[in-house]
Amino acid sequence: MSTHDHFDPSRRAFLGATAGGTALTIAGLPSQALARINAPHESEKLKETTEVFGFCDMCYWRCGLKIRSRDGRAVKIDGNSEHPNNWGVVCAKGNSGLMVAYAPNRLKYPMKRVGERGAGQWERITWDEALDTVAQELKKVKEKHGPQALSMIGHGTWEKPYHRLAHAFGTPNTTSPVFGLCCGPRGLSNMIIIGRNLTGNETIDLENCKYFLMMGRNITESLHNGETLGWVNGVANGAKVVYFDPRYTITASKADEYYAIRPLTDHAFLLAMIHVVINEELYDKKFVTEYVDGLDELKQRVQKYTPEWAEPITEVPAKDIRRLAREMAAKAPSVFVYAPRRMTRTSNDFGMGMSITILNTLFGVWGHKGGVFTPQKYSVPEIDLPEFKHAHLARRAEDGGDFDYSDMMDLPPEYDSNHIADKHGTIYRADGAGVPTRWPVANAKYGLTNEMWRAIAEQKPYPIRALITAGGNGFLNSTNYDIIRKALETVDFYVAADVSPNEMNMYADILLPEASYLERYDDLQVGGAREAYVAVRMPAMKPLHDTRDAWTICKQLADRMDLGAYFPHDSIKELLEDRMKKAGSSLAEIEKVGILKIPADPAKNFPLEHGGKLQIKTPSGSTKAELIPGMLKMMGYDKALDYVEQVRPNEDEFHMTFGRIGFHTHARTQDNIWTADFMRENVLWIHPEPAAKRGIKEGDLVKVSDRNDRSGEIKAKVTARIRKDSIFMVHGFGHWDKRMTTAYGMGVADSDLASYAVDPHIGTMSMGLSLVKVEKV
Amino acid sequence: MSDTSQMIPVREKKSIYMHWFNAGIRLLLLLTGFGIISGELVRVVPAFWPEFMQGLFGGNDNLILTHSVLAMIWIGVFVLFILFNFTNIVLPFLKNVLVLTPSAAIKDMKSMTLNLLQLFGIMKNVPIPPQGRYNGAQRLLGTMIIFCSIILAFTGLYLFFGPQVLNFSENPLYGAIFRWSLVAHISCVFLVVTGVIAHVYFALVEEPECMDAMKSGHANVEFIKHHNALWYDELKQEGKV
Amino acid sequence: MTKKYVMLADTTRCINCKACVVACRAEWETPMGHTRDWVKEVEWVQNDQPKVMLFPGRCQHCDDAPCIEACPSGAAYKREEDGIVLLDNGICSGCELCIPACPYEARWLNPETNTISKCTFCQPRIDEGLAPACVQTCVGRALVFGDKNDPNSEVSRLLEEKTWVKLTTDEVNVGPNHYYYTAGEALPDEVMPKQYDRHLSGKVMEIVNPVGAIGLGAMLLTFLGAGVIKLVGRRNEVCASENKEEK
């Protein structure tokens with residue numbers, strides 16, 4: 001069977017075959033490259049979403065939003081490019097709004113307290129039981145102590161119906177922290193000198209400004225999208241930035257010149273600037289002649305504030321003060337002296353605020369391109385409501401939007417020594433805001449939240465027995481925990497409405513869970529920028545839990561207290577339809593676009609660039625800016641114009657400073673898992689020199705304590721970015737509510753170390769006066 | 001003297017089943033393996049094949065899973081077979097096949113070279129030294145396949161389970177092992193396939209009798225005497241022929 | 001004309017607000033602990049003055065991407081029509097070999113999918129004509145994205161207007177497509193690319209692949225040749241025996 005014996009080989013054939021095969025293989029090699037597979041890759045596809053409009057609730061700037069939803073759940077927050085508050089951009093906080101709604105530790109259903117007040121023991125109840133209890137308890141307080149025995153403290157875009165409910169109830173004691181704890185001195189200064197707020201949504205022509213003198217306005221970290229973007233654009237357009245701050249912030253890193261000014265002494269620097277501007281006649285003469293009163297008197301008053309006087313106080317060289325004044329004058333009126341956002345720092349913030357307004361006025365920024373523009377306003381009338389007794393000034397808080405101080409001068413002419421009501425029977429505010437002999441200049445719409453807490457804690461000048469809070473956190477946004485705690489423990493009844501848990505609402509007798517801003521309609525946002533606008537907030541999804549929106553809650557409470565006439569609509573949607581009709585449009589129309597606008601009008605925004613006149617009306621009725629406000633002089637408060645010596649630390653002490661970071665809002669976002677991811681706990685900034693003296697190294701745990709024996713333990717960040725006599729920490733940390741699962745126990749509460757002194761002129765807080773020691777643990 | 005044209009049993013049935021199981025599953029492993037996309041590192045077959053296989057299996061993941069499951073069946077069956085037939089089949093087979101010393105390797109290399117050259121009529125008159133049960137080429141191929149298979153099995157297991165079990169970012173060694181495993185895996189495939197081509201050629205073309213023996217388990221004594229003289233002597237001593 | 005997508009980051013406009021990072025997280029549902037983009041804050045002291053620079057970053061979509069070379073599964077690839085470096089989720093084995101290969105540390109293993117995740121320049125969004133999520137949300141408008149090959153695009157205009165730099169060193173230059181503007185400031189070491197891992201095994205395979213292929217081909221053809229010879233021989237034999245019979 002074997003065959004190979006007869007095998008007849010052909011050598012040629014073999015060699016040929018082998019050679020051919022090898023050649024073929026080599027020729028085939030390039031095709032090996034084909035094995036780099038490109039063909040089967042499938043590109044990912046964008047998932048489909050639906051879109052509704054809204055405005056943000058993560059901070060108080062309120063950017064326009066478009067919210068994308070999929071399968072009935074909000075999945076992404078985008079900016080509304082038509083909205084003048086943000087032109088389509090959204091910050092980290094705004095993007096993290098989703099995690100407010102999806103937080104696993106949200107307040108999900110109504111609860112009543114079952115343990116000690118503040119112990120955090122709760123029992124789920126029905127909405128009916130919750131609302132019945134609240135109505136019943138409030139009625140009880142009213143019968144026994146009168147309507148003024150109710151206080152309402154709000155902090156959120158949805159606080160409006162609670163103000164309305166309290167006013168309908170008959171109390172003037174509604175308050176928001178915006179004046180007493182935040183921007184009060186800033187807005188008031190502008191108002192009293194030139195009759196404008198210039199706070200809230202600032203009306204600065206940032207893009208065209210050529211010179212920013214920034215007094216601790218950390219615009220990149222205490223950021224508001226539209227404002228920050230406008231400023232960045234202005235800087236890109238060539239504006240010079242001179243930045244003053246004891247700390248080298250990100251804003252400082254963008255500045256052309258940075259001065260690590262001694263803490264609390266900005267007022268001295270500004271007075272020296274005014275001195276130079278007036279003495280060297282660097283002011284806008286045309287503007288001053290036409291629109292300004294009191295230059296001569298001011299000149300007399302500032303003669304003592306020479307740059308040489310200011311130099312040792314501020315540590316800013318006198319020659320630099322002179323140079324800066326001249327540089328600014330050369331660029332005026334396209335210049336701006338920027339006040340800090342929260343201006344409750346020194347023992348004379350009012351004076352500092354007024355000196356900023358004075359400088360801006362001397363440079364003639366008002367109504368000029370690159371200065372301050374005049375906003376337009378969209379007319380959206382309120383719904384028709386019955387008269388509110390007692391609420392008087394506080395009542396108007398709801399129709400002006402935030403930060404509107406324009407009605408401050410409706411002062412009751414006389415003060416009755418019983419401290420409760422004037423002779424017409426109108427009840428005074430318990431916090432004394434707008435009350436003669438107490439804080440007459442303080443804003444009576446928003447009140448002094450700090451003084452309201454004190455009034456409740458001390459039950460002076462009259463008993464306050466019931467408390468409603470709508471959002472906010474009395475502990476971490478104030479500075480005196482003892483007073484807040486005492487107030488919360490003193491009242492007979494406390495009801496809190498909120499979306500998320502915090503230290504304050506832990507004390508509530510009844511907890512009302514609010515729907516988040518992604519799950520509800522809200523009242524319209526009416527604003528004024530170069531263009532006037534009205535914007536709508538629509539629900540991006542159904543409520544995830546057994547929550548209700550503020551308007552429904554207040555309506556249902558009002559009905560139970562026979563105040564239903566103040567809430568004539570069955571739902572917030574009907575209210576919106578009513579208001580939009582009054583504004584000449586409809587809800588359906590605004591829901592299509594999210595925002596209705598009246599276009600920018602240069603002639604109205606910049607009247608002085610277009611041959612127009614600047615309209616001025618100061619609170620004392622003058623049609624010119626008052627460099628020495630007549631009303632203040634009459635009441636003896638013009639002394640605030642003068643410099644007040646500030647506290648100085650001893651050798652072993654530091655100025656306690658605190659502030660914001662771009663991805664956290666106040667004390668509200670530390671429990672938001674997305675924003676918390678960037679910073680789980682705050683750290684203590686300390687200069688390498690004092691750190692070395694104390695043996696403190698980067699990351700070491702240190703104890704920081706103030707003169708009142710308050711203290712905390714915190715990790716150190718050793719950095720040359722802060723003055724040797726100051727320490728800094730990011731605001732809003734140190735939460736101790738165990739329900740705040742992300743923020744609990746992280747970092748130190750700056751508010752428990754900040755000063756609780758008040759500005760002697762206007763009653764706002766002077767948080768920056770605290771002096772602390774630091775030692776290694 | 002016995003009748004040299006008689007057929008004698010040379011293989012147990014289970015060895016035969018094992019051979020064909022081995023062949024079949026390896027073919028499947030080859031087909032699926034070449035279908036797995038392996039980036040720039042491995043470029044063996046033109047793109048149409050992975051594309052086709054990806055389409056057939058509905059993605060790389062499924063293909064990898066199929067390849068791995070087949071491989072694990074293959075490993076499992078082999079392990080069981082070896083465990084239960086170690087002394088009677090595996091050990092004698094290894095003794096016959098493994099080339100472990102250099103001198104044995106040189107000897108086998110010589111006979112294999114002669115074998116191959118004679119295919120093409122070269123050195124036709126040089127006598128090939130007498131061979132045992134497996135000739136030099138078979139022994140070399142067998143040894144290579146055994147070692148390569150062990151490497152294939154271990155590297156394959158690591159390639160499949162490594163990324164699932166280990167956190168690669170923890171230790172750069174894990175990634176390095178993965179990468180070298182892939183190199184070893186592919187290299188072994190090349191070696192084995194190259195050898196198998198010769199194996200298949202001889203079975204199909206040159207020695208169909210061997211094919212028959214792998215089907216029936218019986219071999220012709222004459223054929224053994226001619227091709228495997230040493231084995232024939234052994235068989236004779238044992239009285240099997 | 002094919003596209004060439006690039007990202008521009010003007011560091012003078014970046015404020016480290018992290019909006020880009022959260023927008024990306026929301027858009028692509030990245031798990032906590034990982035992000036596809038970042039902002040690096042670099043601080044130092046120079047002439048007794050503190051300095052801070054901010055660098056938004058993400059995958060640099062390199063022309064000569066080492067991650068693609070490192071990927072043993074073929075999941076990492078460069079899209080030919082616009083040059084973006086993508087990852088095929090269906091193919092990725094999650095072996096993480098590409099992670100050390102990236103000089104910019106842009107790649108990470110997604111523990112939820114067990115595949116690699118990284119910036120895709122928001123490929124599904126840009127395919128629909130939308131801007132990447134980070135660009136759309138950027139508060140300082142520091143990020144600009146577009147087609148460098150389109151002379152009318154904003155990126156082309158900006159690249160023309162200012163002097164942009166890339167994060168490359170003499171040792172590591174793999175052709176990134178992410179540009180930075182620093183107003184002339186030198187790039188700090190902290191943002192420079194890392195010496196990445198070029199595997200020896202890759203080089204070995206550069207030999208194994210052709211040798212293996214040639215070996216296989218040669219083997220096949222050799223035995224094919226042998227078969228042909230055998231066939232010819234058998235035919236000759238048959239002919240010969242037929243001839244014999246005829247005789």
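These numbers were taken from a predicted model, which means no experiment stands behind them. Just so it is clear: chains get the letters A, B, ... in the order the sequence lines come, proteins before strands, and each one is counted from 1.
- Nearest heavy-atom pair across A/Ser96 and C/Val22 is OG-CG1, 3.3 Å.
- Residue contact with chain A, scored on non-hydrogen atoms closer than 4.5 Å, is absent for C/Leu220.
- Between the CG atom in C/Asn16 and the OG1 atom in A/Thr220 there is a gap of 9.0 Å [rounded to 0.5 Å].
- Ranked by heavy-atom pairs under 4.5 Å with chain A, the list C/Glu27, C/Arg125, C/Met32 is led by C/Glu27.
- In the displayed structure, C/Glu160 atom CD is contacted under 6.0 Å by at most 12 heavy atoms of other residues, nucleotides or ligands.
- Judged purely by distance below 3.5 Å, without hydrogens or angles, the side chains of C/Thr120 and A/Glu44 never pair a donor atom with an acceptor atom.
- The choice from C/Gly140, C/Ala183, C/Cys122 that makes the most heavy-atom pairs within less than 4.5 Å of chain A is C/Gly140.
- Within 6.0 Å of CZ on C/Arg157 lie more than 12 heavy atoms contributed by other residues, nucleotides or ligands.
- When the candidates A/Lys45, A/Arg68, A/Glu221 are compared by the number of heavy-atom contacts under 4.5 Å with chain C, A/Arg68 comes out ahead.
- For a residue to count as touching a neighbouring chain, one of its non-hydrogen atoms must lie under 4.5 Å from one of that chain's; by this rule A/Trp231 does not touch chain C.
- To the nearest 0.5 Å, atoms CD1 (C/Ile15) and NZ (A/Lys254) are separated by 8.0 Å.
- Between chain A and the residues C/Glu43, C/Gln136, C/Glu29, the most heavy-atom pairs under 4.5 angstrom are made by C/Glu43.
- If you measure heavy-atom distances from C/Thr30 to chain A, you find no contacts under 4.5 Å at all.
- Proximity to chain C (any heavy atom under 4.5 Å) is shown, for A/Arg247, by neither the backbone nor the side chain.
- Pairing each heavy atom of C/Pro50 with each of A/Ala720, the nearest pair is CG-O, 3.7 Å.
- Looking only at side-chain heavy atoms (C-beta outward), A/Leu46 and C/Asp127 stay at 4.5 Å or farther from each other.
- Looking at heavy atoms from C-beta onward, A/Asn95 lies out of side-chain contact with C/Val21 at the 4.5 angstrom threshold.
- Counting heavy atoms from C-beta outward, C/Arg25 and A/Asp677 have side chains that approach closer than 4.5 Å.
- Contact record, C/Cys17 with A/Ala92: O-CB, 3.2 Å, taken as the closest heavy-atom pair.
- Between the side chains of C/Arg13 and A/Asn233, at least one donor N or O lies within less than 3.5 Å of an accepting N or O.
- To the nearest 0.5 Å, atoms CD (A/Glu48) and CD (C/Glu128) are separated by 8.0 Å.
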- Query: When you look at C/Trp28 and A/Lys76, which way does the side chain to side chain contact (heavy atoms under 4.5 Å, CB included) test go after all the steps?
  - Reply: CA-CA 10 Å; C/Trp28 304 115; A/Lys76 176 75 176 72; over 6 Å; no
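- Between C/Thr137 and the options A/Val89, A/Val90, A/Asn225, a side-chain contact (heavy atoms from CB on, under 4.5 Å) holds for only A/Val90.
- In this structure, A/Ser43 OG and C/Glu81 CD are separated by 6.5 Å, a value rounded to the nearest 0.5 Å.
- Smallest separation of non-hydrogen atoms from A/Ile250 and C/Glu41: CD1-OE1, 3.8 Å.
- In terms of heavy-atom proximity, A/Leu98 sits nearest to C/Ala26 at CD1-CB, 4.1 Å.
- When the candidates C/Leu54, C/Val45, C/Leu86 are compared by the number of heavy-atom contacts under 4.5 Å with chain A, C/Leu54 comes out ahead.
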